[in-house]
**Student:** 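Structure incoming, see below.
No experiment lies behind these values; they were computed from the predicted model shown. We're numbering straight along the sequence, starting at 1.
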Amino acid sequence: MSDLALPNLAMTMMLVVVFGIVVLVVMAVAPMFAGKVDMRQRLSTTAVTIEGNPGKSGSQTLVHDDSRSMWARLVQQVEKRGLSLTDTKGDALAEKLMLAGYTQSYAVRAFVLIKTTLTLVLPLLALLVMYTVGMPPATKLYMIVVGSAAAGLYIPNMVVSSKAAQRKKEILNGFPDTLDLMLVCVEAGLGIDASFSRVGSEIVTSHPLLSELLANVSLELRAGRTREVALKNLARRTALPELTAFVTLLNQSAKLGSSVGQALKIYAAEMREARRMRAEEKAARLPVLLSVPLVLFLLPTMVSVLMLPAIINVKANLAGVARDNK
């Protein structure tokens, strides 16, 4: 009876661990959609205020209440139990998470919690699976456990890096359109500060990431920060050379007293040309990328079809020669 109870206990523990991992994944994904909805609500409020209804301007703020988030409560509960979630490279990690879009105050601690949990849970899950299906040799067992721990340690970093790269790509692709709209606003008589708010409210649907960045710049300007500081914060949130050059362009134009509209016109043309060149580069790489599946899948099939009649004829001739010899 005990021999049957042990596999059942191992299976139950494995199901509990899998359930815990699914819960953590859902808790990690849910704030992303909630943040997008909240960002669109804030930007729609900004648009209403610009159109002349200042009654809702009190809802715009640079301070966010993160205490209601599920992750914030989880981090607080874990820290109350005496487990420290601080990281020795907290500033660098915060910058990395910010580039991926995680700007919450608890983002670093939640990231450390997820990494620690995966590093401990994945080896335990691997042990439970191997105990259920049969224990391998000691060397293989050691490699599997160490590999599971390494996967739990590095998978969160890979996910954050991938999300940051995708975010930079989306911002870079939408930047020329944003510059065109900003140029139209400036040439129509709006100041550069007002154009940030106006353009940000216009591109909520087409380029939500850039809309959020411009809304943050507009809110910082309304809060009393100088334009130079607000633009430098914009460049720091994206870490893109194109945005950094744009910030430098606006700051230098303001200091030297040159025409912002003319500078925007030239820079917008350069950004459109750079986007066209990136598209041409991807199109030029397409034949090289297609050659790999063609060689792996299509070429063996074509060779088989062409060689099959010859193989049948050779086999028939050999059979005839063998009968003649007999």
**Student:** Can you find a pair of side-chain heavy atoms, one from L250 and one from L264, that are under 4.5 Å apart?
**Tutor:** yes
**Student:** Once rounded to the nearest 0.5 Å, what's the spacing between atom OG1 of T178 and atom CG of N173?
**Tutor:** 11.0 Å
**Student:** Looking at K168, K163, E170, which hits side-chain contact (heavy atoms from CB on, under 4.5 Å) with Q166?
**Tutor:** E170
**Student:** Can you name the nearest heavy-atom pair linking P176 to M271, along with the distance?
**Tutor:** CG-O, 3.7 Å
**Student:** Who are the ring pair (Phe, Tyr, Trp, His ring centres under 6.0 Å) partners of F111, not counting sequence neighbours?
**Tutor:** none
**Student:** Salt-bridge test for R272 and D180: reply yes if a basic N is under 4.0 Å from a carboxylate O, no otherwise.
**Tutor:** yes
**Student:** Of the non-hydrogen atoms in L221 and A230, which two are nearest, and what is the gap between them?
**Tutor:** CD2-CB, 4.0 Å
**Student:** For residues L93 and L118: do they belong to one hydrophobic cluster (side chain heavy atoms under 4.5 Å, members Ile, Leu, Val, Met, Phe, Trp, Tyr)?
**Tutor:** yes
**Student:** Is the side chain of S291 donor-acceptor paired with the backbone N or O of V288 at a distance under 3.5 Å, no angle test?
**Tutor:** yes
**Student:** What is the distance from atom CG of L172 to atom CG of L243, rounded to the nearest 0.5 Å?
**Tutor:** 8.5 Å
**Student:** Looking at V204 and S211, what are the two nearest heavy atoms and their distance?
**Tutor:** CG2-OG, 3.4 Å
**Student:** Are Y106 and L99 linked, directly or through intermediate hydrophobic residues, by side-chain heavy-atom contacts shorter than 4.5 Å (ILVMFWY only)?
**Tutor:** no
**Student:** side-chain contact (heavy atoms from CB on, under 4.5 Å), that's the test. Do R198 and S218 meet it? Break it down for me.
**Tutor:** CA-CA 9 Å; R198 182 62 185 177; S218 179; over 6 Å; no
**Student:** Applying ring-ring contact (aromatic ring centres under 6.0 Å, His included) as the test, list every pair that has at least one member in residues 266-325; sequence neighbours left out.
**Tutor:** none
**Student:** Begin with the C-alpha distance, continue with both residues' side-chain angles, and end with the deciding distance and a verdict on side-chain contact (heavy atoms from CB on, under 4.5 Å) for N233 and R225.
**Tutor:** CA-CA 11 Å; N233 290 335; R225 289 180 179 171; 3.4 Å; yes
**Student:** Could you tell me the separation between the CG atom of L124 and the CG atom of L128, rounded to the nearest 0.5 Å?
**Tutor:** 6.5 Å
**Student:** Is it the case that one hydrophobic cluster holds both L240 and L179, taking links as side-chain heavy atoms less than 4.5 Å apart, direct or via other members?
**Tutor:** yes
**Student:** Does a salt bridge link R276 with E273, judged by any charged N lying under 4.0 Å from a carboxylate O?
**Tutor:** yes
**Student:** Nearest 0.5 Å, what's the CG-CG distance between L294 and L289?
**Tutor:** 11.0 Å
**Student:** List, by chain and number, the other hydrophobic cluster members for M98, where Ile, Leu, Val, Met, Phe, Trp and Tyr join if side-chain heavy atoms come within less than 4.5 Å, directly or indirectly.
**Tutor:** none
**Student:** Is there a side-chain contact between T226 and V229 (heavy atoms, below 4.5 Å)?
**Tutor:** yes
**Student:** Any non-hydrogen side-chain atom of L298 less than 4.5 Å from a side-chain atom of P293?
**Tutor:** no
**Student:** To the nearest 0.5 Å, what is the distance between OG1 (T132) and CE (M130)?
**Tutor:** 10.0 Å
**Student:** Might you point out which heavy atoms bring V199 and C185 nearest each other, and give the distance in Å?
**Tutor:** CG2-SG, 3.9 Å
**Student:** Decide side-chain contact (heavy atoms from CB on, under 4.5 Å) for L231 and F196; before the verdict, give the C-alpha distance in whole Å, the side-chain angles of both, and the deciding distance to 0.1 Å.
**Tutor:** CA-CA 11 Å; L231 290 176; F196 285 130; 3.5 Å; yes
**Student:** How long is the gap from CD on E187 to CE on M182, to the nearest 0.5 Å?
**Tutor:** 13.0 Å
**Student:** Does any part of the side chain of K96, heavy atoms only, come nearer than 4.5 Å to the side chain of S161, both counted from C-beta?
**Tutor:** yes
**Student:** Is I192 linked to L213 within one hydrophobic cluster, defined over Ile, Leu, Val, Met, Phe, Trp and Tyr using a side-chain heavy-atom separation of less than 4.5 Å?
**Tutor:** yes
**Student:** Answer whether the closest heavy-atom distance between the side chains of D177 and L181 falls below 4.5 Å.
**Tutor:** no
**Student:** Restricting to pairs with a member in residues 103-121, which pass salt bridge (Lys or Arg N to Asp or Glu O under 4.0 Å), not counting sequence neighbours?
**Tutor:** E79-R109
**Student:** I would like to know whether R237 and N216 meet side-chain contact (heavy atoms from CB on, under 4.5 Å); could you show each step before the answer?
**Tutor:** CA-CA 10 Å; R237 293 189 191 100; N216 286 332; 4.1 Å; yes
**Student:** Go through the structure and list residues passing ring pair (Phe, Tyr, Trp, His ring centres under 6.0 Å) with F246, not counting sequence neighbours.
**Tutor:** F175
**Student:** Are L219 and L190 connected, step by step, through hydrophobic side chains (Ile, Leu, Val, Met, Phe, Trp, Tyr) whose heavy atoms are closer than 4.5 Å?
**Tutor:** no
**Student:** Any side-chain heavy atom of K232 sitting closer than 4.5 Å to one from E228?
**Tutor:** yes
**Student:** Tell me which donor-acceptor pairs under 3.5 Å the side chains of residues 136-154 have, and how far apart each pair is, sequence neighbours excluded?
**Tutor:**
{"residue": "S148", "atom": "OG", "partner": "I144", "partner atom": "O", "Å": "2.8"}

**Student:** Can you tell me if CG on N313 sees more than 12 non-hydrogen neighbours from other groups inside 6.0 Å?
**Tutor:** yes
**Student:** Minimum heavy-atom separation for L299 to V295, with atom names?
**Tutor:** CB-O, 3.6 Å
**Student:** Check V260 against S253 and note the closest heavy-atom contact, atom names and distance.
**Tutor:** CG2-CB, 4.2 Å
**Student:** Side chains of I203 and S206: does their closest heavy-atom pair fall under 4.5 Å?
**Tutor:** yes
**Student:** Could you give me the CA-CA distance, side-chain angles and deciding distance for R167 and T238, then say whether side-chain hydrogen bond (donor to acceptor under 3.5 Å, both in side chains) is met?
**Tutor:** CA-CA 9 Å; R167 184 171 180 266; T238 58; over 6 Å; no
**Student:** I'd like to know if the side chain of T248 reaches the main chain of T244, judged simply by a donor and an acceptor atom lying under 3.5 Å from each other, with no hydrogens or angles considered.
**Tutor:** yes
